[in-house]
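Here is the structure we will look at.
Every heavy atom of this structure was used, including side-chain atoms; hydrogens, water molecules and symmetry mates were not.
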Amino acid sequence: MNTVLSKKALPEAGSAWAPLAARVFRALWIAQLVSNIGSWMQTVGAQWLLIGHDAALVTLVQTASGLPVVLLALPSGVLADRFDRRAVLLTAQFAMLAASTTLSVLAFADALTPALLLGLTFLLGCGTALMGPAWQAIQPELVERRQLGQAAALGAVNMNLARALGPALGGVVVAAAGAGWVFAFNAASYLGTAAVLVLWRRPEAAPPAVRGEKLLTALHAGHRYVRHAPGVRRVLLRTVLFIPGAAALWSLLPLVASRSLGLGSGGYGVLLGAVGTGAVGGAFALPAIRRALGVNGTLAAGALVFAGVLAALATIRAPWPATVVLLPAGLAWIGVLSTLNTAVQARLPGWVRARGLAVYLLVFQGGQALAAPLWGALADSLGLTVSLLAGSGLLLVGAVIGRRRPVHGTDGVDPSPSDHWPVPPLVFEPGPADGPVLVSVVYRIAAENRAAFIVSMGQVARSRRRTGALTWGIYQDGGDPGRFVENYLVASWSEHLAQHHGRLTATDRRHEERARGLLVEGTAPEVSHAFDAADGPTVPETDASGASHTEACHSLGDMP
């Protein structure tokens, strides 16, 4: 059952730093900190090389790094669900190492044009897109599920600690030695994460859930799951309400530094460092804030604080007040992002985790990538002040809408696998591609329970659709009102077997048990499986059981 997220709906076990007790998580966290510092140094170097051009070109650095997520997040999610996630992560590390090395060589040779800079930044973004779903999906392998909230917060701390250090270091290095050295450091920073991944002795995992599936089929399965998971959709909505407005800060801050405050690359690094410092400090305060405000209150407060920061930057013309104002922006950023990340992580089962997270990353990174050039164009046409105020207004609108669209709770959500369906009693062995398969379930329901049964079957319907049903319907027999027939169509026998083994969760089982608890006492559901007979009989004609399958195919009516 979906409920509005209460203050304790996402339990956090132990201290905020508890996940660091896990050896592999700790090693990867440290390696990623170094890598993220390198990435922020690279961002400062790239943006500062373009600072003499118009605003739209400067903001394209954000687009070039974020647009690959829009294009590749979903295929990357399929790869992370289909292949060994460690291998996917290593591939991404070495691809980004190659792109950063090329950037460094071209910068040292004074041959780095804006087009080459943006093109190689785009390739780095492709590596990030490939890495993102796999990185998020391995978190439950590194820490206990009850510590996912702290792990997500530590991930945000990692990024923001890097934001506190990387831009300042990058600004100093660019000013003292040139952009080539920040690109070189970024290239070397990928080696640490790669080394930890190589040494990680990953426990034997279950076979990938999408092995044997075609790319488009696997993509459709991920899309279908998200479409029929209301809790995940609500998290995505709240991400959409926050990210485009918040992107104004990251897109326009280089222009605030150079045009409004008259700062160089070092000063710009200090401004970014202030955001990171606020985020790191916010990590200590975040548990108390969540207890006081609840999750939806934390999301609303984060949007309001960010809106206030953008409005303040529109009027401030001195460096130190701007630096102070940016501190709470870091707190708001880590509060919103870690809350959304934890909420989506807690809902996704293992078989579709990377694809579901890919959709989240698509909305998050894609929102920034698509909004960045719009903020740049608005700054060129109407001015920097108007652009910052527009971003502030957009966040305020999002906060108002968010009050009417709260994030659902996870108290009743258990994504652990549940293999509770018995083996289908067939008289022949279908091939994996045989189908479509019509699954019919007959229930006997007493008159006083029929209304409650229909309500309970709404949750069952979403479960069926999330795990593979193309269509679903519940029918009441016109001649026998106590007889209900559930029909759902699955594309193939292999898809239906995936429902039996791997896709169902403990939450799905609970929904089924709630509905079946309303059956007439002493009765049990009657399940049948029918196959498409349009191209000739699939079931042996001489078998009486086969006749019953054929009758089921013709007597239960058309699917909705």
Side-chain angles (χ1 to χ4, degrees), residues 24-25 27-43 62 64-103 120-143 151-152 154-156 158-160 162-163 166 186-200 202 205 208 210 215 218-219 222 337 341 344-345 348 352-366 368-369:
V24 177
F25 180 87
L28 284 173
W29 192 90
I30 294 170
Q32 271 299 103
L33 175 61
V34 176
S35 181
N36 286 335
I37 289 173
S39 296
W40 277 106
M41 292 174 68
Q42 191 269 339
T43 298
Q62 291 286 335
S65 60
L67 185 60
V69 178
V70 179
L71 304 175
L72 300 176
L74 295 179
S76 297
V78 173
L79 291 175
D81 278 336
R82 183 166 188 165
F83 299 105
D84 179 74
R85 287 166 182 163
R86 181 174 63 171
V88 173
L89 290 170
L90 282 169
T91 301
Q93 296 302 306
F94 289 119
M96 291 187 286
L97 170 63
S100 293
T101 300
T102 305
L103 264 175
L120 288 166
T121 301
F122 180 85
L123 291 179
L124 281 170
C126 291
T128 301
L130 177 62
M131 178 181 174
W135 183 267
Q136 296 284 344
I138 67 169
Q139 301 305 304
E141 300 180 37
L142 304 176
V143 300
L154 284 172
N158 192 307
M159 176 59 75
N160 286 284
R163 182 181 284 122
N186 188 41
S189 71
Y190 296 114
L191 295 174
T193 302
V196 176
L197 290 169
V198 168
L199 295 173
W200 177 26
R202 188 184 181 199
V210 298
L215 175 63
L219 284 173
L337 262 62
N341 187 279
V344 74
Q345 283 265 19
L348 292 170
V352 75
R353 184 180 298 129
R355 281 168 284 179
L357 288 165
V359 175
Y360 168 72
L361 291 172
L362 172 63
V363 173
F364 169 58
Q365 296 282 6
Q368 292 190 86

Hey, does the side chain of R85 reach the backbone of A80 with a donor-acceptor pair shorter than 3.5 angstrom?
-> yes
Test side-chain contact (heavy atoms from CB on, under 4.5 Å) applied to V344 and F364, step by step | CA-CA 12 Å; V344 74; F364 169 58; over 6 Å; no
Donor-acceptor contact below 3.5 Å, side chain N341 vs main chain L337 | no
Given the options D81, L362, L361, L79, P133 meets side chain to side chain contact (heavy atoms under 4.5 Å, CB included) only with L361
Would you find a donor on one side and an acceptor on the other, under 3.5 Å apart, between the side chain of S35 and the backbone of A31?
-> no
Return the minimal non-hydrogen interatomic distance between V352 and G222, and the atom names on each side.
-> CG2-CA, 3.9 Å
Distance only, no hydrogens: is a donor on one side chain within 3.5 Å (strictly under) of an acceptor on the other, for Q139 and Q345?
-> no
Residue pair L97 / A187: nearest heavy atoms and the distance that separates them = CD1-O, 3.0 Å
Apply side-chain contact (heavy atoms from CB on, under 4.5 Å) to the pair Q42 and T121, showing each step before the final yes or no.
-> CA-CA 9 Å; Q42 191 269 339; T121 301; 3.8 Å; yes
Rounded distance (nearest 0.5 Å) linking atom CD1 of I37 with atom OG of S189 = 9.0 Å
Find the distance between OG1 (T91) and CE (M131) and round it off to the nearest 0.5 Å.
-> 12.0 Å
Mind checking whether L28 and I138 have side chains closer than 4.5 Å, heavy atoms only?
-> yes
List the atom of R86, the atom of L197, and the distance in Å for their closest heavy-atom pair.
-> CD-O, 2.9 Å
Apply the side chain to side chain contact (heavy atoms under 4.5 Å, CB included) test between W135 and each candidate in L130, T193, V88, L357; give the one that qualifies.
-> T193
L124 and M96 have their tightest heavy-atom pair at CD2-O, 3.5 Å
To the nearest 0.5 Å, what is the distance between CG (L191) and CZ (F94)?
-> 7.5 Å
Spacing of M41 atom CE and N36 atom CG [to the nearest 0.5 Å] | 13.0 Å
Distance, nearest 0.5 Å, that separates CG of N158 from CG of L33 | 5.0 Å
Which atoms form the tightest heavy-atom contact between A27 and V196, and what is the distance?
-> CB-CG1, 3.8 Å
N186 side chain vs S100 backbone, donor-acceptor pair below 3.5 Å | no
Between A218 and V78, the two heavy atoms sitting closest are CB-CG1, 3.7 Å
Note, E141 side chain near F25 side chain (heavy atom, < 4.5 Å) = no
